[in-house]
Amino acid sequence: MRPGLAPWEVRVFASWFDLVVVGLPALVPLGYALATAQPRGPGSDASDLTPAGIVAAWVAILLYLGIWSWNRYVRTARTGQSWGKRRRGITVRTVTGEVPSAGRLVARDLAHVLDVLPLFLGLLWPSWDRRRQTFADKIVGTVVTVA
């Protein structure tokens, strides 16, 4: 990949990588919750989680959210790269070239709602934008560059 702004498809891969990979550790308690579920009764295809399964399901949810938040905000605020961005060799920066703060990254994620609302137009915008920015990037002043 040549230096400059990150291509749209590379950004998409990095985002999907982050969503999937951070979920892998949560599969262990989630698997336990599902494996210990008890059938509801004769003739029913449904099952109920046991009390231990409910705890395990909550552990899975909290584990996923904790790892996802750390990767998305803490790690990225330190290095400019989540695991997915690092794997694809891209970095999120402010338009002045600095690593964005965790607060700016949270604001960027909240602004991604505006990317999704008009038929996902904001998520596709980097495909033809000269700075390859989503609406959220424009709002908070970030760009994604090749590392």
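One-based numbering along the sequence shown. Predicted model, so just to flag it, every value in this text is computed and none were measured.
Residues Asp137 and Thr134 have side chains in contact (heavy-atom distance under 4.5 Å, counting atoms from C-beta outward). Residues Tyr64 and Leu30 have side chains not in contact (no heavy-atom distance under 4.5 Å, counting atoms from C-beta outward). Side-chain contact between Pro25 and Ile67 is present, with heavy atoms from C-beta onward closer than 4.5 Å. Using a 4.5 Å heavy-atom threshold, the side chains of Val99 and Thr79 count as separate. Annotation: side chain of Arg108 is in contact with side chain of Val92 (closest heavy-atom distance under 4.5 Å). When side chains are defined from C-beta on, Val116 counts as touching Leu123, because their heavy atoms get closer than 4.5 Å. Residues Val144 and Thr91 have side chains not in contact (no heavy-atom distance under 4.5 Å, counting atoms from C-beta outward).
Side-chain atoms of Gln133 come within 3.5 Å of backbone N or O of Thr142 as a donor-acceptor pair. Between the side chain of Arg93 and the main chain of Gly80, no donor-acceptor pair closer than 3.5 Å is present. At distances below 3.5 Å, not a single donor-acceptor pair connects side-chain atoms of Arg104 with backbone N or O atoms of Ala77. Using modelled atom types, one side-chain atom of Asp115 and one backbone atom of Ala136 make a donor-acceptor pair closer than 3.5 Å. With hydrogens and angles disregarded, a donor-acceptor distance shorter than 3.5 Å links the side chain of Thr76 to the backbone of Asn71.
Heavy-atom minimum distance, Pro39 versus Ser47: CA-OG, 3.9 Å. Across all non-hydrogen atoms, the minimal contact from Lys85 to Ala14 is N-CB, 3.7 Å. Shown here for Thr36 and Thr50, the closest heavy-atom pair between the two residues is O-CG2, 2.9 Å. Smallest separation of non-hydrogen atoms from Ala56 and Tyr32: CB-CD2, 3.6 Å. Closest approach of Ile90 and Arg11 over heavy atoms only: CD1-CA, 4.0 Å. The shortest non-hydrogen separation linking Thr94 to Pro100 is CG2-CA, 4.0 Å.
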Val143 and Leu5: CA distance, side-chain angles, deciding distance, side-chain contact (heavy atoms from CB on, under 4.5 Å) verdict
CA-CA 7 Å; Val143 291; Leu5 299 170; 4.3 Å; yes
Criterion side-chain contact (heavy atoms from CB on, under 4.5 Å) on Leu114 and Ile139, from CA distance to verdict:
CA-CA 10 Å; Leu114 300 175; Ile139 291 167; 3.4 Å; yes
Set out, in order, the CA-CA distance, both residues' side-chain angles and the distance that settles side-chain contact (heavy atoms from CB on, under 4.5 Å) for Tyr73 and Asp109, then state yes or no.
CA-CA 10 Å; Tyr73 304 122; Asp109 275 354; 2.5 Å; yes
Stepwise side-chain contact (heavy atoms from CB on, under 4.5 Å) test for Trp8 and Leu124
CA-CA 8 Å; Trp8 178 81; Leu124 298 172; 3.7 Å; yes
Side chain to side chain donor-acceptor pair (under 3.5 Å) for Ser15 and Asp18? Distances and angles first, verdict last.
CA-CA 5 Å; Ser15 294; Asp18 285 337; 5.8 Å; no
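In Arg86, the CZ atom is not crowded: 12 or fewer heavy atoms of neighbouring residues, nucleotides or ligands sit closer than 6.0 Å. Atom CZ of Arg75 has more than 12 neighbouring heavy atoms from other residues, nucleotides or ligands inside a 6.0 Å radius. When the shell of 6.0 Å around CG of Leu24 is examined, it contains more than 12 heavy atoms from other residues, nucleotides or ligands.
In terms of hydrophobic clustering, with Ile, Leu, Val, Met, Phe, Trp and Tyr side chains grouped at heavy-atom distances under 4.5 Å, Val113 and Val140 are assigned to a common cluster. Under the 4.5 Å side-chain heavy-atom criterion for Ile, Leu, Val, Met, Phe, Trp and Tyr, Trp128 and Val10 are members of the same hydrophobic cluster. Taken together through direct or relayed side-chain contacts under 4.5 Å among Ile, Leu, Val, Met, Phe, Trp and Tyr, Leu49 and Trp58 form part of one hydrophobic cluster. If you chain together hydrophobic residues whose side chains sit under 4.5 Å apart, Phe17 and Leu19 fall into the same group. Under a hydrophobic-cluster definition in which Ile, Leu, Val, Met, Phe, Trp and Tyr are linked whenever side-chain heavy atoms come within less than 4.5 Å, directly or via other members, Phe13 and Trp68 are assigned to the same cluster.
The OG atom of Ser69 sits 11.5 Å away from atom CG of Leu105, with the distance rounded to the nearest 0.5 Å. Between Arg78 atom CZ and Ser101 atom OG the span is 13.5 Å, to the nearest 0.5 Å.
Aromatic pair Trp83/Trp70: centroids less than 6.0 angstrom apart.
Listed by chain and number, the residues in a side-chain contact (heavy atoms from CB on, under 4.5 Å) with Leu65 are Ile61 (sequence neighbours excluded).
Using a 4.0 Å cut-off between a side-chain N of Lys or Arg and a carboxylate O of Asp or Glu, Lys138 and Asp129 qualify as a salt bridge.
Ring-plane geometry between Phe135 and Trp125 is classed as tilted, the angle between the planes lying from 30 to 60 degrees on a 0 to 90 degree scale.
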